[in-house]
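A quick write-up on the structure given underneath.
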There are 2 protein chains.
Amino acid sequence: MGVLHGDCKEVLKSLGDASVDLAYLDPPFFTQKTHSLSTRNNTAEYSFEDRWTSLDDYLAFMAEVLRASRRVLKETGCIFLHCDRSAAHHLRLLLDQVFGSENFQSEIIWAYRRWSSAKKGLLNAHQTVYFYSKTGDYKFNTIYTDYSPTTNVDQILQARVRNESGKAVYRRDETGNVVIGKEKRGVPLSDVWNIPFLNPKARERVGYPTQKPILLLERIIAIATDVGDCVLDPFCGSGTTLVAAKLLGRDYIGIDISLDAVRLAEERLRQPVRSESQLLADGEEGFLEKSDAERRILRALDAVPVERNRGIDGFLRSYVDGHPVAVRIQKADEDIEMAKRKLIAASKTKQCAFTILVRTTRNEDYSLFDWTDEDLLVIDSYDVAIEAWLDERNHSGS
Amino acid sequence: MGVLHGDCKEVLKSLGDASVDLAYLDPPFFTQKTHSLSTRNNTAEYSFEDRWTSLDDYLAFMAEVLRASRRVLKETGCIFLHCDRSAAHHLRLLLDQVFGSENFQSEIIWAYRRWSSAKKGLLNAHQTVYFYSKTGDYKFNTIYTDYSPTTNVDQILQARVRNESGKAVYRRDETGNVVIGKEKRGVPLSDVWNIPFLNPKARERVGYPTQKPILLLERIIAIATDVGDCVLDPFCGSGTTLVAAKLLGRDYIGIDISLDAVRLAEERLRQPVRSESQLLADGEEGFLEKSDAERRILRALDAVPVERNRGIDGFLRSYVDGHPVAVRIQKADEDIEMAKRKLIAASKTKQCAFTILVRTTRNEDYSLFDWTDEDLLVIDSYDVAIEAWLDERNHSGS
DNA sequence: AGGGAGCCTGAATCCTCAA
DNA sequence: GTTGAGGATTCAGGCTCCC
């Protein structure tokens with residue numbers, strides 16, 4: 001147990017047969033670039049070369065590492081290989097050769113949102129982790145996740161019976177109350193994992209390039225090992241895998257060819273911390289503030305919705321005279337005057353050509369409202385227009 | 001254009017070189033099983049054999065189909081190959097050989113939620129679509145989606161520069177004010193697509209095995225082709241690709257070895273239907289075609305779009321006094337009077353509570369138009385309201 | 001031609017300042 | 001002091017442009 005320095009091809013030879021329960025490999029990708037990054041306070045800079053003379057060269061190297069990793073795995077052990085888009089298919093072929101295609105278990109998709117670029121084509125927003133077992137009899141702990149937001153709570157909790165006509169209905173006791181069914185554990189984890197990409201500003205970042213989010217490693221370790229088992233990471237880098245293993249009570253062996261990396265990993269292991277991402281804690285919905293109706297109105301205006309602003313709900317997609325146009329939808333609990341104040345206050349610094357306020361309620365006193373603002377256009381939502389017309393028609397008809 | 005019957009290897013020979021803009025292939029998977037499924041009313045059962053003597057056999061067949069597909073593609077054309085988990089890596093190697101690894105564009109992950117099973121291991125919840133171009137100069141239309149809820153307004157609006165130390169900072173003019181950047185359309189679509197799996201109860205389902213959601217096909221067609229371009233599907237099955245192509249105004253060529261499939265596809269093409277569940281499903285991912293103003297207006301009205309009616313574009317989701325409310329959006333090439341006539345004519349037999357006409361153009365003579373129809377409400381679209389206000393502001397300002 | 005410098009991205013954080 | 005809205009900041013990106 002510990003962090004070893006050297007080429008993993010060589011160092012792996014010093015480990016005994018069938019001695020580890022899980023091998024996680026995050027090898028250098030076949031990108032032909034040098035990756036470097038500084039720590040957040042610029043005290044150190046870490047880098048590594050990702051250059052190979054050819055793809056065959058790279059694959060020969062990886063084949064040797066995979067065979068060595070297989071040897072040290074216990075019979076119930078598993079391997080998780082982290083691949084990037086350029087060589088994933090070649091690496092899976094290697095895995096088929098070394099572990100056998102019958103031991104392929106899953107292609108895990110790590111999906112994330114990331115800063116964008118001006119790339120022609122689709123934005124790359126996932127990486128692949130291949131999951132192979134050494135034998136058919138491998139260790140696997142099922143993880144349960146939350147139900148989909150569209151799953152009805154009643155469906156999860158309440159027991160069901162079939163009534164006389166064979167239709168499934170909720171079970172009720174003598175007094176007519178619904179009966180809560182047996183404990184549900186949730187939905188088994190799927191092979192698509194939405195885990196936020198380690199953000200450039202994240203505190204979790206230690207300055208080593210290609211650092212992975214700790215949640216990704218925790219999940220892999222939790223799936224494939226129990227407490228006390230041993231985790232191997234032949235390309236441990238800054239040691240995220242080892243930190244996750246230590247925090248989960250597993251033994252660990254890390255190897256890296258860079259002495260900087262080994263020292264950094266040892267440093268992190270002395271004080272293992274698990275920082276919680278705000279996004280993970282709150283979930284994406286925590287940031288979403290708009291109702292369905294508001295979104296529909298923004299779409300109809302051809303406006304881009306924005307969150308994280310109390311006064312502005314969106315901007316028109318097209319600028320007017322080179323200036324943006326801010327939009328606010330009147331909220332259910334605010335009068336038109338307050339909506340106007342909030343919109344104008346929020347737009348002050350945004351150099352807007354003008355602003356649009358969409359009115360969504362009618363039953364107000366508008367006698368004091370100033371409709372003649374030069375830079376504010378008030379539009380009735382379609383619903384308001386329909387209601388007003390219906391009202392008028394009913395009155396004139398009676 | 002049409003649906004051809006036969007082995008695609010042979011039928012493709014009858015197509016000319018460089019004649020199609022997009023090839024979408026959803027070949028039989030290498031699963032060694034027979035797939036079959038009945039229609040919802042059990043009127044027919046479709047099945048196909050998915051058996052090959054060996055993997056090499058299967059790959060030899062696919063290599064030939066890929067080469068034939070490449071030949072018929074225009075120089076700016078693209079191919080999308082739908083793979084399953086068992087052979088995806090082999091198929092990507094074939095694509096590298098036939099199209100060249102430098103023409104690899106994306107590995108698209110189609111992710112979906114699915115009913116869970118008790119299987120040991122992770123729940124399979126994705127399929128892979130490989131996207132290759134024929135040359136480096138290929139056609140690609142970027143689709144834009146919403147910003148992440150964590151992105152703030154400043155980030156979206158303000159221009160940035162690098163200062164002397166290479167740090168990115170907001171750009172400011174001489175007076176120290178921030179500078180607003182150019183128009184923003186949102187975030188480019190990523191390579192991970194969350195599209196609901198075709199619900200077994202969906203109206204869209206026609207009972208053919210492995211049927212794909214139409215939204216998936218619409219997206220592929222929208223990014224790789226323009227209106228009037230030609231889409232090829234050598235394994236067209238029940239014809240979802242062709243239906244999507246037709247609905248989006250593209251030409252199409254479908255091929256299938258099963259006569260049942262060809263007949264079913266031809267039947268669907270006579271009455272192309274797009275199920276409502278799929279329409280609602282794209283709410284989070286944004287609209288397929290930003291220019292699809294009509295659909296945006298219908299959604300803002302909370303109306304259900306209807307196809308195949310020359311006078312009515314949709315109905316309000318909620319009835320008024322137990323009667324439906326028909327909606328028409330004024331078309332670009334018709335004046336308001338004609339739009340009104342068509343709407344009223346089409347609604348005559350529908351027992352509507354009233355009808356709504358959404359006005360989308362302003363530069364007309366309205367002096368003869370009768371605005372006081374008891375059963376017709378004319379609403380200005382948001383765009384018209386904005387244009388009118390801008391016009392007025394400019395006139396009063398000058 | 002080919003390779004490096006410079007530019008534009010936006011996600012998700014950190015950080016500041018006002019209430 | 002505490003909170004929280006919103007301004008600021010970096011990057012396992014990817015173009016274009018310029019030698």
Side-chain angles (χ1 to χ4, degrees), chain A residues 26-42 46-50 82-87 110-127 194-205 207-213 235 237-238 275-284 286-287 289 304 306-312 342 345-350, chain B residues 105 136 142 144-172 178-179 181-188 190-191:
Chain A
D26 183 13
F29 291 169
F30 186 64
T31 54
Q32 302 292 63
K33 277 185 246 173
T34 301
H35 300 282
S36 74
L37 196 68
S38 331
T39 48
R40 302 201 317 136
N41 52 13
N42 277 314
Y46 301 98
S47 75
F48 66 82
E49 289 273 320
D50 184 14
H82 200 120
C83 306
D84 86 322
R85 52 191 251 113
S86 60
W110 168 33
Y112 45 82
R113 302 191 73 157
R114 206 203 39 187
W115 60 88
S116 66
S117 70
K119 174 180 186 286
K120 174 180 178 180
L122 300 165
L123 193 63
N124 307 326
H126 77 273
Q127 289 175 26
N194 283 293
I195 296 177
F197 192 82
L198 200 56
N199 192 271
K201 295 290 290 178
R203 212 187 291 274
E204 187 179 333
R205 223 174 233 280
Y208 199 81
T210 78
Q211 190 186 340
K212 299 291 177 294
F235 303 94
S238 58
S275 69
E276 176 84 2
S277 148
Q278 198 60 40
L279 184 64
L280 279 170
D282 299 352
E284 191 141 289
F287 289 89
E289 296 163 324
V304 185
V306 298
E307 312 278 345
R308 280 202 51 187
N309 186 295
R310 310 299 272 183
I312 299 171
K342 283 186 179 167
S347 314
K348 211 170 49 191
T349 61
K350 303 292 181 286
Chain B
Q105 300 302 338
T142 304
Y144 292 93
T145 60
D146 285 350
Y147 289 95
S148 155
T150 58
T151 303
N152 63 28
V153 174
D154 303 304
Q155 187 58 252
I156 296 169
L157 286 179
Q158 295 177 22
R160 276 169 294 177
V161 285
R162 279 184 201 281
N163 65 10
E164 50 287 353
S165 54
K167 207 172 77 169
V169 295
Y170 288 130
R171 167 175 287 159
R172 291 172 191 278
V178 294
V179 175
K182 51 178 190 243
E183 287 184 357
K184 297 301 173 74
R185 286 182 291 189
V187 185
S190 89
D191 57 6

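Just so it is clear: chains get the letters A, B, ... in the order the sequence lines come, proteins before strands, and each one is counted from 1.
Heavy atoms of Arg308(A) sit under 4.0 angstrom from at least one base atom. Contact annotation for Gly186(B): backbone-only contact, meaning every heavy-atom pair under 4.0 Å involves sugar-phosphate atoms and none involves a base. If you check every strand for non-hydrogen atoms under 4.0 Å, Tyr112(A) touches nothing. Contacts of Thr150(B) with the nucleic acid, taken as non-hydrogen atoms under 4.0 Å apart, include base atoms. When heavy atoms are screened at a 4.0 angstrom cut-off, Val161(B) is found touching no nucleic acid atom at all.
Put simply, Thr151(B) has a side-chain N or O that comes within less than 4.0 Å of OP1 or OP2 on dA11(C). An OP1 or OP2 oxygen of dT10(D) is reached within less than 4.0 angstrom by a side-chain nitrogen or oxygen of Lys201(A). Between Lys350(A) and dG7(D) there is a side-chain N or O to OP1 or OP2 distance below 4.0 Å.
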Can you tabulate the close N/O pairs, meaning under 3.5 Å, that link protein atoms to atoms of nucleotides 16-19 of chain C?
none

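If you measure from atom CG of Leu280(A) to atom P of dA11(C), you get 16 Å, rounded to the nearest angstrom.
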Verdict with reasoning, Arg160(B) to Gln155(B), per side-chain hydrogen bond (donor to acceptor under 3.5 Å, both in side chains)
CA-CA 9 Å; Arg160(B) 276 169 294 177; Gln155(B) 187 58 252; 2.7 Å; yes
Give the dot-bracket line for DNA chain D from 5' end to 3' end: parentheses for intra-strand Watson-Crick or G-U pairs under 3.5 Å, square brackets for crossings, | for inter-strand pairing, dots for unpaired.
.||||||||||.|||||||
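For Arg310(A), the salt bridge (charged side-chain N to carboxylate O under 4.0 Å, His left out) partners at least two apart in sequence or on another chain are Glu289(A).
At a cut-off of 3.5 angstrom, counting only N and O atoms as typed in the model, there is a donor on one side and an acceptor on the other between the side-chain of Asn152(B) and the base of dG7(D).
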